[in-house]
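Contents: one structure, followed by commentary.
Ligands are counted one by one from 1 in listed order, and the atoms in each one are counted from 1 as well.
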Amino acid sequence: MRVDIITIFPEMFAAFFSGGIVRRALDKGLLEVCVHNLRDYTHDRHKQVDDRPFGGGEGMVLKPEPVFEAVEAIKKDGASLVYLLSPQGQRFDSAMGQRLASAGQLILICGRYEGVDERVSRSLVDGELSIGDYVLTGGEPAAWVVVDALSRFIPGVVGKDSSVRRDSFFQGLLDYPHYTRPRLFRGMGVPQVLFSGNHAKIDAWRRRQSLQKTLTLRPDLLEKLELADDDKELLESIIKKGKHHEPDSNGRKQGTED
Ligand code: 4HQ
């Protein structure tokens, strides 16, 4: 898949490409990311990308011409999606990440200043994306978040497909707790079942922990889910025992027993 990012701060993306799983995806050619400087699509001597708002008021607005010209120059064919990062956009989530990862080309427009001329959202883009209810100084960190999250859905990017499938939100549940050595750390142990060698038992424990964590921390996620019968039974037993009200179940404190 190919992602094109349009920004007035292309150098901000260097750190993003420099390490981790995204770097490996780029090296392996599973993901291609091109960062374009919006100023390259201006025609005046000062490479001006912004101007004062009609009607007056504070701040500057990104002009429509360079943004339109950039997208028109970059866009390959009908299989591409164009999104503007904006707090007014549709909330980005795992399901959308998965959908975007199957596009041939994704073009992300990063705004700056007070905003982008409305005609960009009116007639250039397929939609607007928001990564959350807060105001960033620019769309760049949001584009980073979107590309990072969707890269995990490109086949071959994450080592094992199973770890994407298991992850938080893929199945609509929060992840179960993880432990590694040492077995005893500052007086805190590790649940016994993880040393049992019984993988069916460990899987069942993890499923139960996922359900319990989700019920405690994000009950809104459970409401959206169609649970399988055995998950429903697990959930009922968690509720009956009142486990989701215990302070341990938030994962901050953990004893040796479940
Ligand atoms: N922006 N999710 C770019 C955001 C934002 C968000 C504010 C977008 C500033 C210029 N983008 N403008 N939240 O806060 O995506």
- Message: Show the atoms of ligand 1 that are less than 4.0 angstrom away from any heavy atom in Gly138.
- Response: 3 (C)
- Query: Side-chain donor-acceptor pair under 3.5 Å between His43 and Glu69, yes or no?
  - Reply: yes
- Relative to atom 2 (N) of ligand 1, which among Thr137, Val135, Ile131 owns the nearest non-hydrogen atom? Ile131
- Task: Look at atom 7 (C) of ligand 1 and find which of Leu84, Leu136, Val61 reaches it with the closest heavy atom.
- Result: Leu136
- Note on the structure: among protein heavy atoms, the one nearest atom 1 (N) of ligand 1 is Pro87 CD, 3.5 Å
- For Tyr134, the ligand 1 atoms with a heavy-atom partner under 4.0 Å come out as 13 (N), 14 (O)
- With a cut-off of 4.0 Å, which atoms of ligand 1 are near a heavy atom of Leu129? 15 (O)
- Task: Identify the protein heavy atom lying closest to atom 8 (C) of ligand 1, giving its residue, its atom name and the separation to 0.1 Å.
- Result: Leu85 O, 3.5 Å
- Could you tell me whether Arg119 sits above the aromatic face of Phe68, with NZ or CZ closer than 6.0 angstrom to the six-membered ring centre and within 45 degrees of the axis? no
- Where on Arg112 is there a heavy atom closer than 4.0 Å to ligand 1, on the side chain, on the backbone, on both, or on neither? backbone
- Donor-acceptor contact below 3.5 Å, side chain Arg24 vs main chain Val157: yes
- Give the numbers and elements of all ligand 1 atoms closer than 4.0 Å to a heavy atom of Ala142. 11 (N), 15 (O)
- Task: Could you tell me whether Arg2 and Asp4 have a side-chain N and a carboxylate O separated by less than 4.0 Å?
- Result: yes
- Determine the sole option in Thr42, Leu38, Asn37 for which the side-chain contact (heavy atoms from CB on, under 4.5 Å) test with Asp40 is passed. Asn37
- Message: Between Glu140 and Arg112, does any NZ, NE, NH1 or NH2 come within less than 4.0 Å of an OD or OE carboxylate oxygen?
- Response: yes
- Task: Number the atoms of ligand 1 from 1 as they appear, then name those within less than 4.0 Å of a heavy atom of Gly139, with their elements.
- Result: 3 (C)
- Gly132 neighbourhood, listing ligand 1 atoms whose heavy-atom distance to it stays under 4.0 Å: 13 (N)
- Message: Looking at ligand 1, would Ser86 count as a contact under a 4.0 Å heavy-atom criterion?
- Response: yes
- Note on the structure: Taken to the nearest 0.5 Å, the spacing of Arg206 CZ from His178 NE2 works out to 7.5 Å
- Task: Determine whether the side chains of Gln171 and Arg207 contain a donor N or O and an acceptor N or O closer than 3.5 Å.
- Result: yes
